There are 2 protein chains.
Amino acid sequence: LEAVSVSGVAIDKNQVRISVQELPDRPGAAAAVFKAMAEIGVVVDLIVQNVGRAGKANLTFSVPSEDAYRAEKAMREAVGRTGATVGRSNKIAKVSVVGVGMRSHSGVASCFFDALAEAGINMLMISTSEIKISVAVNHEDGDEATRVAHAAFGLEKKTRSRKKA
Amino acid sequence: LEAVSVSGVAIDKNQVRISVQELPDRPGAAAAVFKAMAEIGVVVDLIVQNVGRAGKANLTFSVPSEDAYRAEKAMREAVGRTGATVGRSNKIAKVSVVGVGMRSHSGVASCFFDALAEAGINMLMISTSEIKISVAVNHEDGDEATRVAHAAFGLEKKTRSRKKA
Ligand SMILES: C[C@@H](O)[C@H](N)C(=O)O
Ligand SMILES: C[C@@H](O)[C@H](N)C(=O)O
């Protein structure tokens, strides 16, 4: 295994997740969702969609808590005619482990997810990029998730709390 | 809308996606998946999991094409007893638009997804980070998706093809 090279843990506790279920899995469906968000000027942070089944896919994204109400309302209008449903939005905490040269996510993921599992914290969503693994957990698990992530990677408190301006 | 600030488009055509369906949505389930990958030294690139339903969640990740067979085999062993199923792995192309200061994904997402929709390209998976929006498309759509993304953001050919060493 490559030496795990995580340099810090970041937490964002100001996000609400909005899930759109049973979106038609055809070109243009997701574009309509984000056009609606762009039109009302809502900043979208996390976007996660997994492979669909039987022609339908679920798409979840997160917005700042203060925009949740108007984002949910705009979503219901945007997808109304497609048959998709917009779930109730829920506050989440997004906890990310960051590290340059995380060439292989499997070692870091295994260590991070194990630490959350030991603490009994369930992951709601997972999303990765070259230098980061982000997970959404229930809002009330955010601080504990950050603490166990620090311990798992031997980091002293390097949390960057993202209070968006 | 903020000025859309995309600086480049990257494509990785050497990835295969492996989907684990009906994974128990409880702490430890995802950790077992990546422990299995870490133990056989397979480099995992994209990891996507959306919110589960009825206590089950679907988790998809991508590995280099040359590791697909042994990764799929290790996955079947790792999740066998949990009742989850491992789908057939499929070659994908991961196309990412990259730009610093993409404070709001909604404007970039709307533009990128619209361009794919116009070209009739279906998105299989979506994953984001602060500076990037990545989508998985069918392998044969990779080049066209890259071309339309360049055109949508007014970029000359800046593709960084990621032939992993
Ligand atoms: C579900 C959604 O992503 C659809 N596949 C699209 O391309 O818009
Ligand atoms: C589905 C999987 O992510 C599970 N929720 C876990 O925490 O491991």
Side-chain angles (χ1 to χ4, degrees), chain A residues 1 17 19 21 25-31 33-39 41-53 58-61 87 103-136, chain B residues 1 17 19 21 25-31 33-39 41-53 58-61 87 103-136:
Chain A
L1 259 182
R17 72 168 171 83
S19 285
Q21 314 273 356
D25 194 3
R26 52 164 191 261
V33 166
F34 296 102
K35 189 172 280 169
M37 290 301 104
E39 276 165 10
V42 167
V43 175
V44 169
D45 181 23
L46 203 58
I47 305 173
V48 174
Q49 181 211 314
N50 206 338
V51 183
R53 297 181 93 178
N58 298 333
L59 175 74
T60 305
F61 59 95
R103 210 180 83 70
S104 162
H105 284 119
S106 40
V108 175
S110 167
C111 178
F112 181 29
F113 298 169
D114 232 19
L116 295 177
E118 294 284 323
I121 296 172
N122 198 36
M123 298 184 291
L124 304 173
M125 295 158 72
I126 304 172
S127 176
T128 57
S129 76
E130 270 68 26
I131 60 162
K132 196 166 77 165
I133 298 181
S134 295
V135 300
Chain B
L1 261 181
R17 73 166 170 85
S19 286
Q21 314 273 353
D25 194 1
R26 51 162 193 264
V33 167
F34 296 102
K35 190 172 280 173
M37 289 302 105
E39 275 165 11
V42 167
V43 175
V44 168
D45 180 24
L46 203 58
I47 304 173
V48 173
Q49 181 211 312
N50 206 337
V51 184
R53 296 181 94 177
N58 298 333
L59 176 72
T60 304
F61 60 92
R103 212 181 83 70
S104 162
H105 283 120
S106 36
V108 177
S110 167
C111 179
F112 181 29
F113 298 169
D114 232 22
L116 295 177
E118 294 284 321
I121 295 172
N122 197 38
M123 298 184 293
L124 304 174
M125 296 158 71
I126 304 171
S127 176
T128 57
S129 74
E130 271 68 25
I131 59 163
K132 195 165 81 165
I133 297 181
S134 296
V135 300

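In what follows, chains carry the letters A, B, and so on, assigned in the order in which the sequence lines appear, proteins first and then strands, with residues in each chain numbered from 1. For clarity, every value in this text was computed on a predicted model and none was experimentally measured.
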Query raised in the report: Who wins among B/N50, B/L124, B/V48, B/L116 for the most heavy-atom pairs under 4.5 Å with chain A?
Result: B/N50

Query - Pick from A/D114, A/V42, A/V135, A/L59 with the largest number of heavy-atom pairs that fall under 4.5 Å of chain B - result: A/D114

Query raised in the report: Can you name the closest pair of heavy atoms from B/M125 and A/V51 and give their distance?
Result: CG-CG2, 3.7 Å

Query raised in the report: Given that the side chain runs from C-beta out, which part of A/Q21 has a heavy atom under 4.5 Å from chain B: side chain, backbone, both or neither?
Result: side chain

Query - Distance, nearest 0.5 Å, that separates CD of B/Q49 from OG of A/S127 - result: 11.0 Å

Requested in this report: Measure the CZ-OG1 distance between A/F61 and B/T128 for me, rounded to the nearest 0.5 Å.
Outcome: 11.5 Å

Query raised in the report: From B/S106 OG over to A/K35 NZ, what is the distance, rounded to the nearest 0.5 angstrom?
Result: 13.0 Å

Report summary line: Output for pair (A/I126 CD1, B/L46 CG), nearest 0.5 Å, gives 11.5 Å

Query raised in the report: For B/N122 and A/D25, which heavy atoms make the closest approach, and how far apart are they?
Result: ND2-OD1, 3.1 Å

Query raised in the report: How far apart are the closest heavy atoms of A/A109 and B/I47, and which atoms are they?
Result: CB-CD1, 4.1 Å

Report summary line: Bottom line for A/V33: the part with an atom under 4.5 Å from chain B's heavy atoms is neither

Report task. Heavy-atom distances under 4.5 Å only: say whether A/S19 touches chain B with side chain, backbone, both or neither. Result -> side chain

**Report entry** Top contributor to chain A contacts, counting heavy-atom pairs under 4.5 Å, from B/A136, B/A36, B/A117, B/A30
**Finding:** B/A117

Query raised in the report: Using non-hydrogen atoms only, which part of A/I121 is less than 4.5 Å away from chain B: side chain, backbone, both, or neither?
Result: backbone

Query raised in the report: What heavy-atom pair brings B/S129 and A/S129 nearest, and what distance separates the two atoms?
Result: CB-CB, 3.5 Å

